Amino acid sequence: MAGFPAAVEQADVVVVGARCAGSATAATLARAGRRVIVLDSARFPSDTLSTHLLWPATVAELSRLGALDAVSALGAPALTHAFAAGSGYTIATPFPEVDGIGYTLCVRRTGLDHALVRTATRAGAEVRQHCRVTELVWDGVRCAGVRYTGPDERTVELRAALVVGADGRRSTVARQVGAETPYEAEASGRDCYFAYWRDSAAEWRSTAAQWRVGADLGTAFPCDDGLVLCLVQPPADTGKLRPGDAGRRYAAALDRIPPLRERLRGCEQAGRVRAATRIASYFRRSSGPGWALPGDSGHFKDPVTAQGIRDALHYGRLLAEAVAPVLDDPARLDRAVAAWERRRVRECREIYHWTNRLARGTAMSPLEVELYRAATTDPELAAVTTGIFSRTRRPAELYTPARMARLTAGALWRHRHDPRPVLGDIAHELAVAAREFRTSCTTLRGTPPVTGTSTA
Ligand SMILES: Cc1cc2nc3c(=O)[nH]c(=O)nc-3n(C[C@H](O)[C@H](O)[C@H](O)COP(=O)(O)OP(=O)(O)OC[C@H]3O[C@@H](n4cnc5c(N)ncnc54)[C@H](O)[C@@H]3O)c2cc1C
């Protein structure tokens, strides 16, 4: 419980969290003429536990936000080509264009998030750093503001028409509104271990590359400061992470992916290995009277498809656009945040399912191998696969009946001496597709369940 507030202030919107979702929401609202105060317990520039591949769709969001010049100035190379290899097949494609941007970037979070904070400030939002929100202020069932502790240890009460919880996976706002327990969740089958290397492979500096060997998955993304980010995602280890385990598991996974080791030949590791384990993808109830949860606070997808930063920026901006004109009318405001939440659920459920498939932590199935094989000679198929990550294409475009029939026929032909693995795979995929369909039509139909609202 925070101490008695020494001061009470008023704003139109208070945003908790100043990184992707928070800065996008705040910059957009400030440009619409609203008084926005952003609170973050961090002091920027500040790092966070996250890799940072930014697909063309994410770069396009940075551009819409007015942050792209500052991000580009950090010097990350433009990655113009996607490379994915597995089971002896290689798919290589250019990236699709989104709003005229046809490249991917990989920018370390310290610089990226600082550029976002500066963008929000320039737009007119007031960003208060080193300020930790400890509790919400309620007016009956309506969220009416926050209490926070600033750098001087004073407790301040900040009242606003809308409290935006852009405070990440361990969101205080989600906890205090009673939305912490997701209404839909799926545990990841993979862990994440990553480190930076001084990149000496000039020929790879414009390529975002991924390799799959057995159940392991590894990536190499050239980033700013002449580094390459190398992330491995082996099957999840249920054991507790003890000191030294992250480095050991990282090195062991690299050894199991020889082409990635080869990519790093001549490169020197710069800094320690970082780990994110026990990951789960989820949807939380994300709107209610006087509050909303854009970004990871309300919805998270496993990092295997690198969608989080784009969605935090995108749905932060859309939230701001939806509420800016109606902040002075509580009934219209509540309808606007509810409609915003329904839109996010509808638009994200397909990529959520797709991400969970890739996060299974299993080796490539016969149908996946067949997909890779077919994509090596079918540019349209390769383009669909790359486009799904940039949200220019939908997973449904990959799973058309005609394409599935062709892939199945190809896989059966290649396993004609023993078709059982293919038949098993088909049965499994049909069961997964049926479960996804059911979830999309029920839990994720776009009207999230009502959760208890705290009035503490
Ligand atoms: C291992 C890993 C790898 C990833 N790789 C990628 C990738 O390659 N590409 C991609 O697009 N996405 C990636 N993601 C996802 C991405 O990190 C998130 O989706 C993104 O950071 C979400 O942004 P956000 O603004 O919602 O939250 P965050 O970035 O988590 O920011 C939350 C902010 O809230 C502040 N805060 C929290 N509580 C309080 C409080 N009580 N008071 C004040 N401030 C508070 C924190 O200090 C923090 O600054 C990855 C995630 C992980 C875990």
Side-chain angles (χ1 to χ4, degrees), residues 2 14-26 37-55 57-59 61-62 104-110 112-114 116-117 120 127-136 146-150 158 163-176 188 190-194 208 210 219 221 223 229 231-233 246 273-281 284 286 293-316 319 348 351 355 359 389-391:
V14 53
V15 179
V16 187
R19 295 185 193 266
C20 315
S23 283
T25 311
I37 299 182
V38 188
L39 305 167
D40 201 303
S41 48
R43 218 187 256 291
F44 295 93
S46 149
D47 201 2
T48 187
L49 182 68
S50 167
T51 57
H52 33 72
L53 191 71
L54 314 174
W55 303 108
T58 319
V59 180
E61 275 299 329
L62 290 171
T104 287
L105 289 174
C106 185
V107 184
R108 286 174 301 164
R109 289 296 297 263
T110 304
L112 174 68
D113 294 0
H114 197 207
L116 289 169
V117 169
V127 182
R128 298 182 184 172
Q129 307 183 28
H130 220 280
C131 292
R132 173 171 296 282
V133 170
T134 51
E135 60 183 328
L136 301 183
V146 303
R147 288 198 188 92
Y148 72 89
T149 311
L158 190 47
V163 172
V164 174
D167 49 346
R169 287 187 290 160
R170 294 188 181 81
S171 169
T172 301
V173 179
R175 194 168 55 251
Q176 298 232 345
S188 176
R190 296 188 181 278
D191 287 340
C192 292
Y193 303 98
F194 65 95
Q210 175 191 287
T219 55
F221 303 137
C223 63
L229 163 69
L231 164 74
V232 293
Q233 290 178 273
V273 174
R274 304 179 70 189
T277 58
R278 298 172 190 227
I279 300 166
S281 301
R284 288 179 179 143
S286 293
L293 304 174
D296 286 2
S297 51
H299 168 50
F300 182 75
K301 288 179 284 297
D302 187 276
V304 73
T305 51
Q307 299 296 311
I309 296 170
R310 182 267 178 189
D311 277 354
L313 295 169
H314 184 68
Y315 292 103
L319 172 66
C348 289
I351 191 77
T355 299
F389 292 92
S390 222
R391 310 286 269 276

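Treat the numbers as computed from the prediction; the structure is a model and nothing was measured. Whatever order the structure lists ligands and atoms in, that order sets their numbers, starting from 1.
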> Is Ala21 in polar range of ligand 1, meaning some N or O pair under 3.5 Å apart?
yes
> Is it true that Arg274 lies under 4.0 Å from ligand 1, counting heavy atoms only?
no
> If you measure every N or O of Leu54 against every N or O of ligand 1, does any of those distances drop under 3.5 Å?
no
> Consider every N or O of Ser50 and every N or O of ligand 1, then say whether any pair is closer than 3.5 Å.
yes
> Taking the non-hydrogen atoms of Arg170, is any one of them nearer than 4.0 angstrom to ligand 1?
no
> Give me the residue, atom name and distance of the protein heavy atom closest to atom 53 (C) of ligand 1.
Arg169 NH2, 3.5 Å
> With the threshold set at under 4.0 angstrom, would you say Thr48 reaches ligand 1 through any of its heavy atoms?
no
> Quick one: does ligand 1 sit under 4.0 Å from the side chain of Thr172, the backbone, both or neither, non-hydrogen atoms only?
side chain
> Within ligand 1, which atoms have a heavy atom of Gly295 less than 4.0 Å away?
26 (O)
> Need the ligand 1 atom indices (1-based, order shown) with element for anything under 4.0 Å from a heavy-atom of Gly308.
10 (C), 11 (O), 12 (N), 15 (C), 19 (O)
> With a cutoff of 4.0 Å, is Cys131 in contact with ligand 1, counting heavy atoms of the residue only?
yes
> So is there a nitrogen or oxygen of Pro294 less than 3.5 Å from a nitrogen or oxygen in ligand 1?
no
> Give a yes/no on ligand 1: does Leu49 have at least one heavy atom closer than 4.0 angstrom to it?
yes
> Ser297 versus ligand 1: do any nitrogen or oxygen atoms come within less than 3.5 Å of each other?
no
> Before signing off on this row, confirm whether Ile309 and ligand 1 have an N or O atom pair separated by under 3.5 Å.
yes
> Can you check whether Val173's main-chain N or O pairs, donor with acceptor, with Ser171's side chain at less than 3.5 Å?
yes
> If you count the atoms of ligand 1 from 1 in the order shown, which ones are under 4.0 Å from a heavy atom of His52?
7 (C), 8 (O)
> If you take all heavy atoms of Val117 and Ala18, which pair is closest and at what distance?
CG2-O, 3.4 Å
> Show me which atoms of ligand 1 lie under 4.0 Å from any heavy atom of Asp40.
33 (C), 34 (O), 35 (C), 43 (C), 44 (N), 46 (C), 47 (O), 48 (C), 49 (O)
